[in-house]
There are 2 protein chains.
Amino acid sequence: MDVRTICLGLLSVAERSGYEIKKLLEEGPLGNFVDASFGSIYPALTRMTEDGLVEFRTEEQEGRPDKKTYSITPRGRAVFREALEGPIAPDRHRSDFLFVLMFADQLSPERMTEVIDERLAFYEEKLREIRAELGDGASPGPQFVAGHAIAIFEAAKSYLEEHRHTLEEQQNQRSASGMMAAAPAD
Amino acid sequence: MDVRTICLGLLSVAERSGYEIKKLLEEGPLGNFVDASFGSIYPALTRMTEDGLVEFRTEEQEGRPDKKTYSITPRGRAVFREALEGPIAPDRHRSDFLFVLMFADQLSPERMTEVIDERLAFYEEKLREIRAELGDGASPGPQFVAGHAIAIFEAAKSYLEEHRHTLEEQQNQRSASGMMAAAPAD
DNA sequence: AGAAACATGTAATCGGTTACATGATTAT
DNA sequence: ATAATCATGTAACCGATTACATGTTTCT
């Protein structure tokens, strides 16, 4: 999903400024699965205005740049509808954390404990965050997405809690066997 | 994690060619959480050879380009160790699927059913795939990563199965209420 | 006093993808 | 026959990130 489609989607629900779009992507349920920076949002909005997919109204403000509130045009809606009906690209879940754990046997016991504990703390905070946001008034779409985020964070957390010992036990063996080191098997 | 570190990691376990690295990233447990294309792997390997992090031995072959089998050098190992000890970037999970479901109320019932059924089929295939790969002989790291993939795919699958009705019921309501259409609330 | 929120925009850079180039062997 | 696997490499392109530029108000 490119930044243009993302903006179009958010604007299909309500009119918003570029700044507000960024905030929604940081804080909303979508925050966990979609991302875009100011440096991509503002140019996308400008370009889509040229293409007639969105239009904006300027609200004058003191002390700040004038706020540009964008709304989607009928053409924009049509383009977005096509995006919703077209093929959906597969998820891409990149995890440096899991990459690091792949090489568990090269980690010191302290490092292992550190990264795992940090991760668990992260999951807990994330879960608290999402549950706080999740007011009961949300419509089905956002509600579903937030719930999905909770489901997978919880699954990841439980898995880590229940299986960390498989990584930590090995650590003990390595410590126990002294300085034999050398490259382990695949 | 950049491509260089990824290659270094795989080479820290055993010597491999660029082609084999690509295959491991497609098929191994890491396949779900790490990615790199030939167009980035080959240049990375060349550059790391120049930097003395890896070295290669050429195996002559007929009918194909000579195979270059890379192995990690002590300096490469040191660099990789540093990467393992440095800060771990947060996961980035991008999902066009969830983006689309965010706008559930703009989807036709047929489309909704289609995307959900496709997704469930995808989860099932993916799970079969991972379980097939997951020989019992794997070392703790890879075993953990594969298990993690299974855990989150299963969680996602269950969540979708158990909550798809929240999206589909709304669809019925829309159908029932006729052609009232118009923009829904946030 | 200082940080964070509000608000938009541009330019340089960059890592990575896609497509191209080449071509035999093996499995379906 | 045709597709897939094996095998490396380059070049063009591209979307996006990061940093820069500017400046007030409000919260801590």
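Proteins get letters first, then strands, A, B, ... in listed order; numbering begins at 1 in each. All of these numbers come straight from a predicted model, not from anything done at the bench.
- The aromatic rings of B:Phe153 and B:Tyr123 lie tilted to each other, with the angle between the two planes from 30° to 60°.
- Results of the ring-ring contact (aromatic ring centres under 6.0 Å, His included) test with B:Tyr70 over B:Phe56, B:Tyr42, B:Tyr19 single out B:Phe56 as the only residue that passes.
- Across its full length, the helix from C:dA1-D:dT28 to C:dT28-D:dA1 shows an angle of 60° between the axes of its 5 terminal pairs at either end, rounded to 10 degrees.
- Residue B:Ser40 places at least one side-chain N or O under 4.0 Å from the OP1 or OP2 atom of C:dT17.
- Atom CZ in B:Phe99 sits 7.0 Å away from atom CG in A:Leu84 (nearest 0.5 Å).
- The CD-C1' distance, from B:Glu26 to C:dT17, rounds to 14 Å in whole Å.
- Going from atom NZ of B:Lys67 over to atom P of D:dG9 covers 13 Å, rounded to whole Å.
- One can place CD of B:Glu27 at 11 Å from C1' of D:dT5, the figure rounded to the nearest angstrom.
- One can place CD of B:Gln61 at 14 Å from C1' of C:dT26, the figure rounded to the nearest angstrom.
- A:Ile21 places its CD1 atom 18 Å from the C1' atom of C:dA5, with the value rounded to the nearest Å.
- Looking only at atom types and distance, the side chain of B:Gln106 has a donor-acceptor partner in the side chain of A:Ser12 under 3.5 Å away.
- Each of B:Arg131, B:Lys126, B:Glu124 was compared with B:Arg128 under the side chain to side chain contact (heavy atoms under 4.5 Å, CB included) criterion, and only B:Glu124 meets it.
- Remark: B:Ser17 OG to B:Arg57 CZ distance equals 10.5 Å, nearest 0.5 Å.
- For the salt bridge (Lys or Arg N to Asp or Glu O under 4.0 Å) with B:Lys67, the lone residue among B:Glu20, B:Glu60, B:Glu15, B:Glu59 that qualifies is B:Glu20.
- Atom CZ of A:Arg81 and atom CZ of B:Phe103 lie 14.0 Å apart (nearest 0.5 Å).
- Taking 4.5 Å as the limit, some side-chain heavy atom of A:Leu10 sits within range of a side-chain heavy atom of A:Arg16.
- In this entry the distance linking NZ of A:Lys23 with P of C:dA5 reads 6 Å, nearest Å.
- Contacts between residues 43-59 of chain B and DNA chain C, defined by a heavy-atom separation below 4.0 Å, involve no residue at all.
- Protein atom CZ of B:Arg92 is 12 Å distant from nucleotide atom C1' of C:dG15, rounded to whole Å.
- For the pair B:Ser37 and C:dT18, the criterion of a side-chain N or O lying under 4.0 Å from OP1 or OP2 is not met.
- Listed candidates were D:dG9, D:dC6, C:dT8. Nearest to the side chain of A:Phe38 is C:dT8.
- Between B:Tyr19 and D:dC6 there is a side-chain N or O to OP1 or OP2 distance below 4.0 Å.
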Kindly give the atom pairs (protein nitrogen or oxygen, nucleotide nitrogen or oxygen) under 3.5 Å for nucleotides 21-28 of chain D.
unit_1, atom_1, unit_2, atom_2, d
D:dT24, O4', A:Gly63, O, 3.0
D:dT24, O2, A:Arg64, NH1, 3.3

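- Checking the phosphate oxygens (OP1, OP2) of C:dG9, a side-chain nitrogen or oxygen of A:Lys68 falls inside 4.0 Å.
- For the atom pair A:Leu30 CG and B:Ser95 OG, the distance stands at 9.0 Å (nearest 0.5 Å).
- Atom CG of A:Leu25 is separated from atom C1' of D:dT17 by 15 Å (rounded to the nearest Å).
- At least one side-chain heavy atom of B:Leu101 sits under 4.5 Å from a side-chain heavy atom of B:Met112.
- Between A:Met1 and B:Tyr42, it is B:Tyr42 whose nearest contact on DNA chain D lies nearer the 5' terminus.
- Here the side chains of B:Asp117 and B:Arg164 are in contact, with some heavy-atom distance below 4.5 Å.
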